[in-house]
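Shown next, in structure tokens, is the structure this report addresses.
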Amino acid sequence: MSTDRISDSFARQSMMQTLGATLDSVAPGKVVVSAPILPSSLQQHGVAHAALTFAIGDTAAGYAALSLMPEDQEVMTAEIKINLLAPGAGDRLRATGTVVKPGRRLVVTTCEVHAITGEEEKLVAILQGTMVPVAK
């Protein structure tokens with residue numbers, strides 16, 4: 001597994017740049033992405049918009065899948081669902097994507113998203129998705 005491969009790919013995602021997201025850690029089958037809850041990322045109640053939660057969750061899950069792929073393959077999200085458990089109130093969101101079941105044709109992933117304020121963390125969403133390996 002090449003962390004450079006994932007770091008380079010992440011750097012090409014203009015959406016992640018727009019959100020101020022960072023790639024925090026990469027390990028085989030597990031990737032962590034976080035983003036500040038910026039004034040431009042709020043919904044009408046003053047908490048993180050679900051789109052921010054979804055975007056970093058999908059990204060973390062996708063890169064977790066990619067971390068187990070051969071160098072000649074990439075991944076695309078085939079489907080992903082989100083359960084919003086609590087408002088995304090805090091300073092930042094952290095998404096931890098994990099591979100549940102790797103496969104040659106389908107990779108099942110999960111992701112937990114936590115809102116972070118100082119030392120406090122609160123689980124605000126869970127995602128489950130299916131990633132599809134595609135030719136590079």
Side-chain angles (χ1 to χ4, degrees):
M1 183 205 71
S2 167
T3 57
D4 288 344
R5 172 187 183 192
I6 292 172
S7 296
D8 292 347
S9 177
F10 185 85
R12 291 191 304 273
Q13 285 204 24
S14 60
M15 174 62 86
M16 293 298 105
Q17 293 171 21
T18 298
L19 297 173
T22 58
L23 182 64
D24 296 344
S25 68
V26 177
K30 185 175 182 179
V31 169
V32 179
V33 173
S34 66
I37 301 173
L38 301 171
S40 59
S41 299
L42 300 177
Q43 45 94 303
Q44 71 275 17
H45 299 291
V47 296
H49 197 287
L52 174 63
T53 306
F54 189 87
I56 67 168
D58 177 46
T59 299
Y63 282 126
L66 183 63
S67 74
L68 300 178
M69 292 288 109
E71 289 292 324
D72 65 340
Q73 289 187 318
E74 293 282 338
V75 297
M76 298 272 303
T77 303
E79 63 83 28
I80 195 162
K81 71 168 291 215
I82 188 169
N83 291 100
L84 299 165
L85 307 173
D91 298 323
R92 56 190 304 100
L93 296 180
R94 184 185 65 230
T96 304
T98 308
V99 172
V100 175
K101 172 127 183 14
R104 288 182 299 134
R105 294 193 179 135
L106 300 173
V107 180
V108 177
T109 61
T110 189
C111 184
E112 290 189 354
V113 181
H114 289 84
I116 301 170
T117 303
E119 298 296 315
E120 290 186 37
E121 296 184 19
K122 183 173 186 176
L123 181 64
V124 296
I126 54 175
L127 295 87
Q128 181 173 317
T130 306
M131 306 297 163
V132 177
V134 295
K136 196 169 189 178

Query - Expected output: side-chain Thr18 to main-chain Ser14 donor-acceptor under 3.5 Å - result: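 A pair under 3.5 Å: yes.
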Query raised in the report: Sub-3.5 Å donor-acceptor pair from the side chain of Gln73 to the main-chain atoms of Lys136, do we have one?
Result: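 Checked: no pair found.
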Residues in side chain to side chain donor-acceptor pair (under 3.5 Å) contact with [X], at least two apart in sequence or another chain:
X: Thr77; result: Asp58
X: Gln13; result: Tyr63
X: Glu120; result: none

For [X], the rest of its hydrophobic cluster, which grows through side-chain links under 4.5 angstrom:
X: Val108; result: Val100
X: Ile116; result: none
X: Ile126; result: Leu85, Leu123

Linking I/L/V/M/F/W/Y whenever their side-chain heavy atoms sit closer than 4.5 Å, directly or via other members, would [X] and [Y] fall into one cluster?
X: Leu52; Y: Leu38; result: no
X: Phe10; Y: Met15; result: yes
X: Ile82; Y: Val107; result: yes

Those residues that, when tested against [X], pass side chain to side chain contact (heavy atoms under 4.5 Å, CB included) (two or more places apart):
X: Ser7; result: Leu23
X: Ala95; result: Ile56, Ala60, Cys111, Val113
X: Thr96; result: Lys30, Val32, Arg94, Thr98
X: Val47; result: Gln43, Pro87, Ala89

Query raised in the report: Taking all atoms of both residues into account, what is the closest heavy-atom pair of Ala55 and Leu19, and its distance?
Result: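 Taking every non-hydrogen atom into account, CB-CD1, 3.9 Å.
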Query - Any pair counted as salt bridge (charged side-chain N to carboxylate O under 4.0 Å, His left out), so long as it reaches residues 96-108, sequence neighbours left out - result: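 Every candidate salt bridge (charged side-chain N to carboxylate O under 4.0 Å, His left out) pair involving residues 96-108 fails, so no pair, neighbours aside, qualifies.
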Requested in this report: Please list all pairs passing the salt bridge (charged side-chain N to carboxylate O under 4.0 Å, His left out) test where one or both residues lie in residues 79-91, with sequence neighbours left out.
Outcome: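 Not a single pair qualifies under salt bridge (charged side-chain N to carboxylate O under 4.0 Å, His left out).
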